[in-house]
Amino acid sequence: MTKNEIADVLSEIGVLLELSGENPFKIRAYQSGARALAAMEEAELGRLITAGELATIKGFGDALVQKITELHTTGRLVFFEKLKASIEPGLAEMLQIPGLGPKKIRALHSKLGIASIAALGQACAEGKVAELEGFGEKTQEKIVEGIRNREAYGRRHLWWDAAEIAGPIVAGLRALPQVRRAESAGSLRRGMETVGDLDFIVAADDVAPVVEWFVAQPGVKEVTAQGETKASVRFESGLQADLRIVPAGQFVFALHHFTGSKDHNVQLRQRALAAGLSLSEWGLVPAEGEGTAKEKAEQGKSLVAGSERELFAALKLSFIPPELREGLGEIEAAEGDELPRLVELADLRGAFHNHTTASDGRNTLAEMTAAAEALGWEYFGIADHSKASFQAKGLSEERLLQQIGEVHALNASQRFTTHVFTGTECDILTDGRLDFDDELLAKLDYVVVSVHNAFTQDEATMTARIIRAIEHPLTSMLGHLTGRLLLRREGYQVDVTKVIDAAIANNVVIELNANPWRLDLDWRHWRKAAERGLLTSINPDAHETAGLEDVRAGVNVARKGWLTREHVLNTRPLAEVKMWLADRRR
DNA sequence: GCCGTTTTCGGCCCGACTGTTTTCAGTCG
């Protein structure tokens with residue numbers, strides 16, 4: 001069983017244990033075990049198991065080591081199968097209803113025999129739920145509402161879509177006269193590929209006008225809560241947003257708290273406790289003495305911090321960028337001042353893998369180049385589809401030769417300061433051969449190879465297919481490694497670690513496809529891959545001029561993957577990129 | 001279930017909100 005499959009089993013065990021009323025700390029152990037596993041590399045897991053060193057990983061004790069090993073070697077886990085058989089399958093999906101947790105679900109099941117969302121809806125309609133002890137009319141109404149909204153609003157949203165809504169709101173909040181500081185927090189600020197809801201943290205002198213402004217924003221469909229310090233709204237798209245207003249002295253602590261992640265916060269609070277301090281969204285106060293952290297903060301016992309940098313410094317840590325706050329070793333690295341200097345949008349000097357009207361793009365070569373120049377890029381790579389991608393108007397040999405001529409003419413004309421590279425997004429055929437012959441590929445500056453068909457091949461076939469393409473001497477880059485579309489389609493079955501190994505061995509770049517729907521390869525792979533020597537390129541895969549901006553989303557993912565400028569080919573100046581590409585052609 | 005420069009047992013982050021209660025349990029982030 002693969003590492004991700006094992007991680008899924010561990011988190012499912014966590015859910016099942018919750019429903020069976022287990023010790024919450026035991027549940028947490030399975031959940032954190034699942035996350036630790038997800039952050040690991042496939043090959044590393046195999047190595048640790050073979051060497052009997054799995055227990056050296058933090059969070060893996062005897063029980064988890066035994067269970068992970070059993071899953072990895074046999075593909076089964078008797079404990080899991082028995083646990084699963086002991087719990088009604090419909091109970092887990094009931095957890096998706098807001099307001100329903102394990103305790104309430106168990107009460108519904110034991111007292112009313114409810115074991116599915118459908119049965120729950122029926123019981124509500126008959127008024128049975130409201131009569132239960134610990135429940136009431138309001139709870140029942142909330143459940144009915146939750147069931148109704150589940151389909152429409154239950155899903156997550158692309159980071160890009162969420163950022164487009166959040167940006168104007170933060171700007172608008174900052175422009176209000178009552179507002180001293182305003183930021184968005186949550187998974188949006190951490191640069192997660194998808195976002196559940198928006199969080200805005202505001203320091204303001206006068207609350208009411210700010211709340212009134214917020215709930216009146218365009219696109220707000222419904223105001224779900226409106227109080228003294230907090231308001232919640234739902235937008236037309238189903239996206240929810242929370243606004244929290246705090247006194248100026250608390251702003252930094254609230255911002256940090258609501259940025260998360262949960263794992264990061266837990267670890268940082270433990271670190272504070274070890275230093276005799278207690279951290280919360282209210283402040284950083286001495287742990288000893290009577291009273292809650294909130295009370296101590298209000299008595300002026302909290303550290304005064306004007307920035308998150310000062311908050312981290314008080315805990316003897318260097319500043320941890322929000323993108324790294326996932327509880328995956330960033331605190332340990334910050335302790336030794338060993339955090340990487342993450343790549344930034346301004347580091348990019350160009351981009352490869354862009355389409356034009358020659359294949360399925362919506363802007364011409366000149367329009368795309370002008371847009372690249374407007375971004376200040378030194379170079380710009382064209383990579384239109386190859387002939388096998390018939391549905392995308394893939395170029396024939398003749399049309400590609402013609403395009404090469406056009407690019408050379410454009411460069412010679414000096415119409416743009418941006419240098420244009422000739423390239424192709426060449427299909428990897430089902431057996432791993434490339435869609436153009438070597439003579440033609442050799443005429444190009446670079447070659448991106450991608451899978452666009454036969455997605456359902458089994459893992460061994462797909463992995464061998466992609467590796468064969470990587471081993472082709474004229475291949476420069478691998479496009480969208482897994483082919484996933486976020487919130488729509490899983491990637492194809494492929495052994496990512498083996499593909500990464502092949503790319504390193506053959507000096508081939510694996511692109512970080514920056515299209516907001518793709519963000520492929522996932523950020524969880526990059527840190528280890530880069531440590532092993534993988535080079536990437538943040539590629540917009542733009543099909544129109546506006547698509548070039550997608551590199552912003554790609555930079556987020558690179559930062560979440562701990563990547564520095566040195567790991568990213570398209571941060572290099574033109575002369576160095578020319579040399580790198582030419583070296584690939586020897 | 002995990003973990004330990006006091007600990008191999010007894011802890012495990014912290015607080016707000018809601019609805020149900022009449023002092024609090026459950027849920028959420």
Side-chain angles (χ1 to χ4, degrees), chain A residues 10 13-14 17-18 21-36 54-68 79 83 94-108 129-143 145-146 185-187 190 195-199 201 224-232 240-242 244-246 250 253-254 256-275 277-285 287 291-298 302 315 327 331:
Chain A
L10 294 186
I13 289 175
L17 291 178
E18 266 194 302
E22 256 292 359
N23 171 3
F25 298 104
K26 186 191 274 194
I27 294 161
R28 187 191 292 175
Y30 278 98
Q31 290 166 340
S32 69
R35 278 190 298 266
L54 202 52
T56 60
I57 305 288
K58 204 163 179 249
F60 291 169
D62 291 343
L64 259 63
V65 167
Q66 185 273 322
K67 291 186 171 75
I68 292 168
F79 166 80
L83 178 67
M94 287 166 67
L95 278 170
Q96 295 165 11
I97 307 294
L100 283 191
K103 298 254 169 61
K104 282 213 166 78
I105 290 173
R106 277 168 53 220
L108 289 165
V129 172
E131 293 165 7
L132 271 187
E133 192 186 337
F135 290 71
E137 284 296 334
K138 289 214 171 159
T139 304
Q140 180 168 285
E141 277 171 33
K142 228 179 129 191
I143 291 173
E145 177 83 9
S187 47
R190 296 204 314 280
V195 171
D197 55 20
L198 302 178
D199 293 288
I201 311 296
T224 50
Q226 185 170 348
E228 292 290 303
T229 61
K230 193 188 152 183
S232 300
Q240 293 194 68
D242 291 340
R244 292 164 210 277
I245 301 171
V246 300
Q250 193 203 320
F253 300 100
H256 177 269
H257 173 82
F258 289 105
T259 297
S261 64
K262 194 176 169 123
D263 287 351
H264 171 87
N265 286 355
V266 166
Q267 291 176 21
L268 204 64
R269 286 174 177 191
Q270 282 168 345
R271 181 177 177 85
L273 276 181
L277 297 166
S278 176
L279 176 66
S280 76
E281 63 263 47
W282 293 97
L284 182 63
V285 302
T292 64
K294 179 185 177 184
E295 288 161 0
K296 290 175 187 169
E298 283 168 350
S302 174
L315 296 169
I331 292 175

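Source: prediction; values computed, not measured. Naming convention: chains lettered A, B, ... in sequence-line order (proteins, then strands); numbering from 1 in each chain.
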Going 5' to 3' along nucleotides 21-29 of chain B, which nucleotides have protein heavy atoms under 4.0 Å from the base (write B), which only from the sugar-phosphate (write S), and which from neither (write -)?
-----SSSB
With sugar-phosphate meaning primed atoms plus P, OP1 and OP2, does A/Leu268 contact a base, only sugar-phosphate, or nothing at under 4.0 Å between heavy atoms?
nothing
Paired nucleotide for B/dT8 [Watson-Crick or G-U wobble; both distances under 3.5 Å]
none
For A/Glu18, which residues count as a salt bridge (Lys or Arg N to Asp or Glu O under 4.0 Å) partner, sequence neighbours excluded?
none
Set of residues satisfying ring pair (Phe, Tyr, Trp, His ring centres under 6.0 Å) with respect to A/His257, sequence neighbours excluded:
none
Taking only the side-chain nitrogens and oxygens of A/Ser278, find out if one of them lies under 4.0 Å from OP1 or OP2 of B/dC14.
yes
P spacing across the pair B/dT6 / B/dC2, given as an integer number of angstrom:
24 Å
Suppose we screen for salt bridge (Lys or Arg N to Asp or Glu O under 4.0 Å). Which residues come up paired with A/Asp242, at least two apart in sequence or across chains?
A/Arg244
Residue pairs, two or more places apart or on separate chains, that pass side chain to side chain donor-acceptor pair (under 3.5 Å) and touch residues 22-34 of chain A:
A/Glu22-A/Lys26, A/Tyr30-A/Lys67
Among B/dT20, B/dG1, B/dA16, the nucleotide that comes nearest once only the side chain of A/Leu64 is considered
B/dG1
Table of protein N/O atoms under 3.5 Å from nucleotides 3-12 of chain B N/O atoms:
unit_1 : atom_1 : unit_2  : atom_2 : d
B/dC3  : OP1    : A/Gly59 : N      : 2.5

Taking only the side-chain heavy atoms of A/Val266 (C-beta and beyond), determine which of B/dA16, B/dC13, B/dG1 contains the nearest atom.
B/dC13
C1' atoms of B/dC12 and B/dT7, separation to the nearest Å
14 Å
Once you apply a heavy-atom cut-off of 4.0 Å, does A/Lys230 come out as touching a base, just sugar-phosphate, or nothing?
nothing
Anti or syn - B/dT7, cut at 90° from 0:
syn
Heavy atoms from C-beta onward define the side chain here; which of B/dG15, B/dG1, B/dT20 lies closest to that of A/Lys138?
B/dT20
